[in-house]
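Down below is the structure, laid out as structure tokens.
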Amino acid sequence: MSVNWASLVCPFLLPVSFIWDLLSLWTLKLRLWRCRGPSTHGARVESVQEQVREWQVSGKGRKMCTARPSWMSISQQKLGYKDRMYRVKVDLQDILLIDGKDMTVTVEPAVTIGFLNRVLVNSGFTLPIVPELDTLTIGGLVMGGGIESTSHKYGLFHKLCVEYEIVTADGEC
């Protein structure tokens, strides 16, 4: 007997997916409205630096990764691949500045391209390279190459960036 999985799964997944997207969008809009990013950015980067320094002391040779749950990753890795790694909480998901004069935007690595694109379009701007998956993060696009349908003309996503702020493996910035 053949089971029609779509008829069983879709009535559950579509509403759950819609509610998740709605909650995520409003959470990000609330963060932007509160505008806490620029005033707390330094302290949040220091928190990441402290966690990296702690990894050096108590990491016991384990690889380091972000504490983002593996089910949220756009990856072909098996769920649970982070279980044996040292997890660093990276609470850096704010848009810090949109500079219309210099035509730059300053963002933290966990900002999603979907949210950034919505904010920029509402401000009268856009990026030349906008990947189709809204849930990809800016940090992920930079580290993973970030190819998109206009990349043949404008290059890979990391080529858009004019400056990076990086926490190194020794906890320096």
Side-chain angles (χ1 to χ4, degrees), residues 5-6 8-38 40-96 105-120 127 129-148 156-158 161 164-171 173:
W5 287 105
L8 298 174
V9 172
C10 286
F12 172 73
L13 280 184
L14 289 177
V16 168
S17 177
F18 176 75
I19 290 168
W20 175 265
D21 284 348
L22 208 56
L23 286 173
S24 297
L25 177 63
W26 282 106
T27 300
L28 292 170
K29 282 187 176 195
L30 181 62
R31 288 179 72 109
L32 184 65
W33 177 74
R34 287 188 320 179
C35 198
R36 79 174 180 103
T40 63
H41 174 75
R44 290 180 288 125
V45 170
E46 286 176 13
S47 170
V48 172
Q49 290 177 287
E50 286 302 316
Q51 292 175 74
V52 171
R53 288 183 189 116
E54 179 61 29
W55 165 73
Q56 290 177 326
V57 174
S58 65
K60 298 179 183 162
R62 292 181 290 166
K63 292 181 180 179
M64 182 175 23
C65 67
T66 66
R68 182 180 181 186
S70 32
W71 62 267
M72 289 182 75
S73 297
I74 308 288
S75 173
Q76 295 181 11
Q77 298 272 358
K78 293 180 181 176
L79 287 178
Y81 71 97
K82 293 182 174 184
D83 290 348
R84 292 182 303 275
M85 296 183 185
Y86 185 88
R87 297 181 187 200
V88 176
K89 184 175 187 240
V90 181
D91 181 26
L92 297 168
Q93 53 188 350
D94 289 319
I95 297 173
L96 302 176
V105 59
T106 304
V107 300
E108 294 176 329
V111 171
T112 63
I113 190 67
F115 180 63
L116 177 59
N117 194 44
R118 283 184 187 93
V119 169
L120 289 176
L127 297 171
I129 300 169
V130 181
E132 288 82 13
L133 295 173
D134 282 350
T135 56
L136 298 174
T137 63
I138 302 304
L141 289 166
V142 167
M143 295 302 293
I147 193 166
E148 189 271 333
L156 299 177
F157 191 85
H158 68 279
C161 301
Y164 299 103
E165 179 181 30
I166 298 174
V167 175
T168 62
D170 62 355
C173 188

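Here the structure is a predicted model, which is why all the values come from computation and not from measurement. Scope of the values below: all heavy atoms of this structure, side chains included, with no hydrogens, waters or symmetry mates. Position 1 is the first residue of the sequence, and the numbers go up from there.
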Closest non-hydrogen atom pair between [X] and [Y], with its separation:
X	Y	value
Asp94	Glu108	N-OE1, 2.8 Å
Val142	Cys161	CG2-SG, 3.8 Å
Tyr86	Ser58	CE1-OG, 4.2 Å
Leu92	His41	CD2-ND1, 4.2 Å
Arg68	Thr135	NH2-O, 4.1 Å

Looking at residues at least two apart in the chain, or sitting in another chain, which of them share a side-chain hydrogen bond (donor to acceptor under 3.5 Å, both in side chains) with [X]?
X	value
Arg118	Asp134
Glu50	Arg53
Thr106	none
Thr66	Lys82

[X] side chain to [Y] main-chain N or O, any donor-acceptor pair under 3.5 Å?
X	Y	result
Trp55	Ala169	no
Gln56	Val52	no
Thr40	Ala43	no

Legend entry - Pairing residues for Asp170 by the salt bridge (charged side-chain N to carboxylate O under 4.0 Å, His left out) criterion, not counting sequence neighbours: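 Partners of Asp170 under the salt bridge (charged side-chain N to carboxylate O under 4.0 Å, His left out) test: none.
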
Legend entry - Which residues share a salt bridge (charged side-chain N to carboxylate O under 4.0 Å, His left out) with Asp91, sequence neighbours left out: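 Testing Asp91 for salt bridge (charged side-chain N to carboxylate O under 4.0 Å, His left out), a comparison that skips the adjacent residues, returns Arg31, Arg36.
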
Inset, instruction - Taking the side chain as every heavy atom from C-beta outward, state whether Trp26 and Leu30 have any atom pair closer than 4.5 Å. - result: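 Trp26 does not reach Leu30 side chain to side chain.
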
Legend entry - Close side-chain approach of Leu116 to Ile95, heavy-atom, < 4.5 Å: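 Side chain of Leu116 against side chain of Ile95, heavy atoms only: contact under 4.5 Å found.
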
